[in-house]
Protein chains: 2
Amino acid sequence: MPTATEPHYTIGAFAKAVGLTAPTLRYYETEGLIEPHRLTNGRRYYEEADINWVKFLLHLKGTGMSISELKQYVQWRAQGDATIPQRLALLQQVKADFLVQFNEVQHHLQILNDKINWYEEKEAGLTADQENFHAYLQRLEHHE
Amino acid sequence: MPTATEPHYTIGAFAKAVGLTAPTLRYYETEGLIEPHRLTNGRRYYEEADINWVKFLLHLKGTGMSISELKQYVQWRAQGDATIPQRLALLQQVKADFLVQFNEVQHHLQILNDKINWYEEKEAGLTADQENFHAYLQRLEHHE
DNA sequence: GGTTGACTTAAAGTATACTTGAAGTTATAT
DNA sequence: ATATAACTTCAAGTATACTTTAAGTCAACC
């Protein structure tokens, strides 16, 4: 039940507060990621602390965790401190996968940058002899 | 037609060379991203230069470009140098979007790291007074 | 007190990027 | 020569993460 000192949110207000839509919040709820309280008339309400929780979930999601991985994490969390090793192992695996991906996208960015520079030089008429992009990359020693 | 000095690939061999599957290559072809040659019996064959092309497409894809954006890029490319400004603008927009995402995921990583450290300290019994994660983040001045 | 907007559930639909299946042809290996 | 593996097309199926629709209830404002 809401109190005067602890402001609460309808699903619409809460959706705005966390940057999601009401249907998405309901979907996350069916997936077990969130458990809002209910007013006596059946309507959901969310509290301030739920904002931190959803934002944390979105950070995890942003590192590449799927909804089902988040669900597993949340289930372990509900089981108490005994599951901390499992949760820690999951997050460490997520981090390891993330770092692999992170290195890959940095390389993708490098090639994108190289292509942009190549076009800019071509537009400026600076690539003297119509050097193609592959040769350009090799000159920069940016392989693949 | 293949020559002796320019090795060519069947779809299966080419798929291995670029790290995709044969069905994915056919799918990319229907999307207009690749245009392999055909042997007289109707079978596709790919040349060495096609490897660079597909790898380049995969780099662009890795920066966040969708198949339909890649298709647009490829169509412009087929229209010749007159479309270089459009291609450049597209890639610059992709880069700008990428950099926004990149900053966001770095923040996601920071929170993931913080959570892992928090669990590790908790496991080691180092968090003296059961400091919760939100308080821990605030102590580190890692907001949200 | 009535209209408008927000809420409720459940189920169906959407977008993206493939993946798989079916039915058939062609190459390669023993 | 025959079996197996790789290829062909076209259509249908899959996974993920929502989004939309339908049918109805409830709340706030003038």
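Values in this document were obtained by computation on a predicted structure and should not be read as measured data. Heavy atoms only: backbone and side chains are in, while hydrogens, waters and symmetry mates are out. Order of the sequence lines sets the chain letters (A, B, ...), proteins ahead of strands, with each chain counted from 1.
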Residues in side-chain contact (heavy atoms from CB on, under 4.5 Å) with A:N103, at least two apart? A:Q106
Modelled atom types, side-chain donor and acceptor of A:Q110 and A:H142, under 3.5 Å: yes
A:R44 side chain near C:dC7 phosphate (N/O to OP1/OP2, under 4.0 Å): no
Cluster link A:L109 to A:L99, ILVMFWY, side chain under 4.5 Å: yes
What residues 9-31 of chain B contributes to the DNA chain C interface at heavy-atom separation below 4.0 Å is B:T21, B:P23, B:T24, B:Y27, B:Y28
Cation-pi check, A:K16 onto A:F14 ring (under 6.0 Å, within 45° of axis): no
So among A:Q86, A:Q79, A:R87, which one has a side chain to side chain donor-acceptor pair (under 3.5 Å) with A:T83? A:R87
Establish, yes or no, whether the cationic atom of A:R77 lies under 6.0 Å from the six-membered ring centre of A:W53 and within 45° of the ring axis. yes
With a cut-off of 6.0 Å (strictly less than), are more than 12 heavy atoms of other residues, nucleotides or ligands near CD of A:E29? yes
Between C1' on C:dC18 and CG on B:L57, what's the gap in Å once rounded to a whole number? 16 Å
Out of D:dA17, D:dA27, D:dT8, whichever nucleotide has its closest atom nearest the side chain of A:K61: D:dA17
Quick note, A:N41 side chain, CB onward, closest among D:dT8, D:dA27, C:dT8 is D:dA27
Taking DNA chain C as the partner, which of residues 69-78 of chain B come within under 4.0 angstrom of it by heavy atom? none
Please determine, by modelled atom types, if A:Q93 and A:E69 share a side-chain donor-acceptor pair under 3.5 angstrom. no
Can a donor-acceptor pair be found, under 3.5 Å and without considering hydrogens, that links the side chain of B:D50 to the backbone of B:E47? yes
For B:L39 and C:dT28, what is the distance between atoms CG and C1' respectively, to the nearest whole Å? 15 Å
Any side-chain N or O of A:R43 below 4.0 angstrom from OP1/OP2 of C:dT9? no
Round to the nearest Å and state the distance from B:L58 atom CG to C:dC18 atom C1'. 13 Å
Could you state the atom-to-atom distance from CZ of A:R38 to P of C:dA6 in whole Å? 19 Å
May I have the distance from B:H37 (atom NE2) to D:dT8 (atom C1'), rounded to whole angstrom? 19 Å
